[in-house]
2 protein chains.
Amino acid sequence: MAASTVSYVLSGKRSISPETRDRVQEAVRVLGYRPNASARALASNRSNVLALVIPLRAGMHVPVLMQFATAVVTTARRYDHDVLLLTADEGRSGLERVSQSALVDALVVMDVELHDERVPLLRELPMPSVLIGVPADTEGLTCIDLDFFAAAEQCVDHLTDLGHHSIALLGTPSAVYARQTGFAHRTLAGFQAAAERRGVMGIETPCEPTFDAVLGTVGELLEAHPGITGLVVQNEPIIGPLLDVLRRLGRRVPEDMSLMAICADDVAERQVPQLSSVTLPADEIGQQAVEALIAKLEGHRTSAGVTLVPARLTARASTCAAPEAHSERTTA
Amino acid sequence: MAASTVSYVLSGKRSISPETRDRVQEAVRVLGYRPNASARALASNRSNVLALVIPLRAGMHVPVLMQFATAVVTTARRYDHDVLLLTADEGRSGLERVSQSALVDALVVMDVELHDERVPLLRELPMPSVLIGVPADTEGLTCIDLDFFAAAEQCVDHLTDLGHHSIALLGTPSAVYARQTGFAHRTLAGFQAAAERRGVMGIETPCEPTFDAVLGTVGELLEAHPGITGLVVQNEPIIGPLLDVLRRLGRRVPEDMSLMAICADDVAERQVPQLSSVTLPADEIGQQAVEALIAKLEGHRTSAGVTLVPARLTARASTCAAPEAHSERTTA
DNA sequence: CGTGGCGGTCGAAGCGCTTCGACCTTGTCC
DNA sequence: GGACAAGGTCGAAGCGCTTCGACCGCCACG
């Protein structure tokens, strides 16, 4: 029994007679044989490892990042790959290191800025990569993300349909805008476009993730624009505090203030009242990212370019008809 | 110039003349040469990769886990290692896979239960490992964790010193106790021991991380034991809601209710009022874990066994003398 | 019955490094 | 001045796999 035969049994790259295959598999089982990953990688020029780049930047909400990461790892395992974790602004040099040393076969890059310094590098590297997020110039890149523009539009449309004509976007911390993070910008653009299209007043403000900041931001917002009756939130950690702040300010949700969130469904459903939301399907996005990478690795000349996961809105208990509309109806 | 010479320059395992060294380094720089990781691993029997096992179990607070993970990655990089991410209860089989295939050199295992099924496996694996957390039987293991027993004791002592004699531990979600997670159990034990030693009444209750659960749990707690004036919280995500609940229940912090947390310092300082706390130094623990692993890899016959990071209490604005003591003092 | 083709197996040649022992040079000491 | 040691460098032998081309025996067809 030649070593090569065993190799072919394990990889399935050549046809093997059933008897031989069984004999090999039995022996593998009995001996508890595991191919040496380095030898395999050296000979085959494939490490079966993906790099996952998570820059832990200020203002990013960790549980969401972790949800992406988990989806990436889980999916990678399904395609027989492992995941190397890159963080902490090793940034460019980290990418160069792991790719040029052939430690990994491909890269998943998260938390992408509009003008991300890593993007030019990704174009040069002799290695497939997928971005979770969309930079300004997507030439030659494969990107996947939620369609945040549409997400914001749908929120505005939903509120406008309910009769609200003065609504605000309570966005991410300002640091996230400052560094021009893609998803925050696209949400903002969608919000503005939809507000204009529908002819409603749209105010935007960033918001830091502390109780006091929420209290201050929302307080000022409602003082400056008392007519606001609809809120769109893209900022998971402030959701809890926000509900408290509104309560404290005497605004009932949804009677006095309709509230929409762009967040994971379980987060929306965990609140009281349950929030109408556009879902952020981290699982789905992480999975698709890995699948796109695997396809690239297998040489499928498929779908480069940007894949935007369609926004899906679920109306729950935190939105209702605008107060004016409501009172009109009751007085009618 | 022999390849071996280059290898010796890069590894420093043999002395090289300064001229040769410079010449090699210059060439490496100019050519942008990077050693192939697989070839290196195959020849040297060292992959320079550590596995980090993060089972994302119910009730674990993700940001804290991520803080550990970041510390591990950062420290690993300082020792020229990378980190492979293992999650999603690949559990035992994942450990076997990466170690037997020599994908990694060593293992960091987080979120350890008292009777963790992975522990026997770790003893058998031909590969060093470090646990972040402490199981019941530590024979042959290297563990590192905060001294949660002492942490709880210090909280009780601090409150008792302030004159509180009826205090409660608001613990982790019950799922965490149910699976006998080490840190939760040791905190509980420390709390009970200290309460007994100091002769104060100590009540414990788990708490789920939702606003309603906090409201319910704390409501029932204070109804059943109205005399409680001190609270110890080991459950990061409920800290925000808890402050709101206490406000809603008309208990001022710290005047009516002293509050201690076991959590990261930045979390304690971000609250209003800032919380007296025993710090959970995830950075330090993650770093020490990696350093212990590296030491093992280098064959230092050092410190097996359990390393408990001493608990450090910082008094901030959320604790003060017990109401009775206070009134006694003011009436005196 | 002879021949061509094909499915199945094998041997050997690397993959790109590390490491060992050998070798050469130079300096040092008697 | 010669022998020896130490310091530097080199060549070759692997590390454990994958993969290529060759080979062998079998069946089907002419």
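So that the names make sense, note that chain A is the first sequence line, chain B the second, and so on, each numbered from 1.
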### Query
Are Arg57(A) and Glu113(A) ion-paired here, with the side-chain N under 4.0 Å from a carboxylate O?
yes

The helix from dC1(C)-dG30(D) to dC30(C)-dG1(D): angle between terminal helix axes, five bp per end, to the nearest 10 degrees, reads 50°

Quick one about Thr181(B) and Arg179(B) (side-chain donor to acceptor, distance below 3.5 Å, no hydrogens or angles considered), yes or no? yes

Expected string for nucleotides 13-22 of chain C under the B/S/- scheme (protein heavy atoms, under 4.0 Å, primed atoms plus P, OP1, OP2 as sugar-phosphate) is -BBBBSBBBB

Hits for side-chain contact (heavy atoms from CB on, under 4.5 Å) against Ser17(B), two or more places apart or cross-chain, chain-then-number order -> Glu19(B), Thr20(B)

Item to complete: Would you mind checking if Glu26(A) and Arg29(A) are paired as a salt bridge, meaning a charged N to carboxylate O distance below 4.0 Å?
Response: yes

**Arg123(B) side chain vs Glu139(B) backbone, donor-acceptor pair below 3.5 Å** = yes

Can you tell whether the side chains of Arg186(A) and Asp147(A) come within less than 4.0 Å, N to carboxylate O? no

Under a 4.0 Å threshold between the charged nitrogen and the carboxylate oxygen, would Glu284(B) count as salt-bridged to Arg312(B)? yes

